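Here the structure is laid out as C-alpha cells; the discussion comes afterwards.
Index from 1, following the sequence. Being a predicted model, the structure only gives us computed values, none of them experimental.
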Amino acid sequence: INTHSTTISNLEDEFHIYKVDWSQDSIDFFIDNRNVYSYAPEIKNESTWPFDKPFYLLINMAIGGNFGGPEVDDSIFPTEFMVDYIKVYKKSMY
C-alpha cells in the first residue's frame, strides 16, 4: 500500500486549487501549485499501476473519517460545498 498525508492549515478558510497530473510514468498531486505527492513505481504491473485504462472523476463529499478527522461537529450543518470549476485536459503528444 502506498499512502501519503499532507496537512493544509487553512483548508476550510479559502478556495484552493487541486491538480492531478497523470502521465504514463507517474501521477503527481498538487495543492495550490505545490507538489504534495508523486506516485511513480519503478515496476508497473496490475498491483502497482492499474492506471492504463479509463477512469471516472468522482468528487468526494464525505464528512469525517481520516480526511478531517473522525470527530464531526454537527453544529456546522447545514453548510455548503462549493466547486468553482473542474478542468480535464489531455496533453498533446506533439
Side-chain angles (χ1 to χ4, degrees):
I1 295 177
N2 191 300
T3 64
H4 181 75
S5 177
T6 298
T7 300
I8 306 297
S9 61
N10 60 347
L11 188 66
E12 300 91 1
D13 298 331
E14 54 190 45
F15 282 102
H16 298 278
I17 297 173
Y18 300 88
K19 180 171 84 171
V20 177
D21 190 359
W22 181 350
S23 72
Q24 70 182 34
D25 298 316
S26 65
I27 302 177
D28 297 309
F29 298 86
F30 298 83
I31 299 175
D32 297 331
N33 293 317
R34 182 180 68 138
N35 187 319
V36 295
Y37 182 65
S38 293
Y39 180 64
E42 288 185 30
I43 298 171
K44 291 180 175 55
N45 56 39
E46 187 64 30
S47 65
T48 64
W49 192 258
F51 306 112
D52 292 331
K53 54 188 159 200
F55 278 80
Y56 294 94
L57 179 65
L58 300 174
I59 298 175
N60 185 351
M61 296 175 56
I63 298 172
N66 290 331
F67 188 68
E71 300 296 322
V72 176
D73 179 4
D74 288 338
S75 69
I76 66 170
F77 299 112
T79 191
E80 294 180 313
F81 178 74
M82 294 187 294
V83 176
D84 188 27
Y85 64 92
I86 296 173
K87 178 180 177 180
V88 178
Y89 68 95
K90 182 176 181 178
K91 290 184 178 182
S92 173
M93 297 299 288
Y94 304 101

Can you tell me how far [atom2] of [Y] sits from [atom1] of [X], rounded to the nearest 0.5 angstrom?
X: Asp21; Y: Ser38; atom1: CG; atom2: OG; answer: 9.0 Å
X: Ile8; Y: Arg34; atom1: CD1; atom2: CZ; answer: 5.0 Å
X: Glu46; Y: Asp52; atom1: CD; atom2: CG; answer: 9.0 Å
X: Ile27; Y: Trp49; atom1: CD1; atom2: CH2; answer: 4.0 Å

Hphob cluster co-occupancy, [X] + [Y], side-chain heavy atoms under 4.5 angstrom:
X: Phe29; Y: Ile31; result: yes
X: Leu58; Y: Phe51; result: no
X: Val20; Y: Val36; result: yes
X: Val83; Y: Val88; result: yes

Legend entry - Worked check of side-chain contact (heavy atoms from CB on, under 4.5 Å) between Phe15 and Met82: CA-CA 9 Å; Phe15 282 102; Met82 294 187 294; 3.9 Å; yes
Inset, instruction - Indicate yes or no for a side-chain donor-acceptor contact from Lys19 to the backbone of Asn33 under 3.5 Å, with no hydrogens or angles considered. - result: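 Flag not set: sc Lys19 to bb Asn33 has no pair under 3.5 Å.
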Inset, instruction - Give a yes or no answer on whether the side chain of Asp32 reaches the backbone of Ile17 with a donor-acceptor pair at less than 3.5 Å. - result: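 Yes; at least one donor-acceptor contact below 3.5 Å.
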Legend entry - Minimum heavy-atom distance between Pro50 and Thr48, given as atom pair plus value: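 In terms of heavy atoms, the two residues are closest at CD-C, 3.7 Å.
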Legend entry - Pairwise side-chain contact, Ile86 with Tyr18, heavy-atom cut-off 4.5 Å (strictly under):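 Side chain of Ile86 against side chain of Tyr18, heavy atoms only: no contact under 4.5 Å found.
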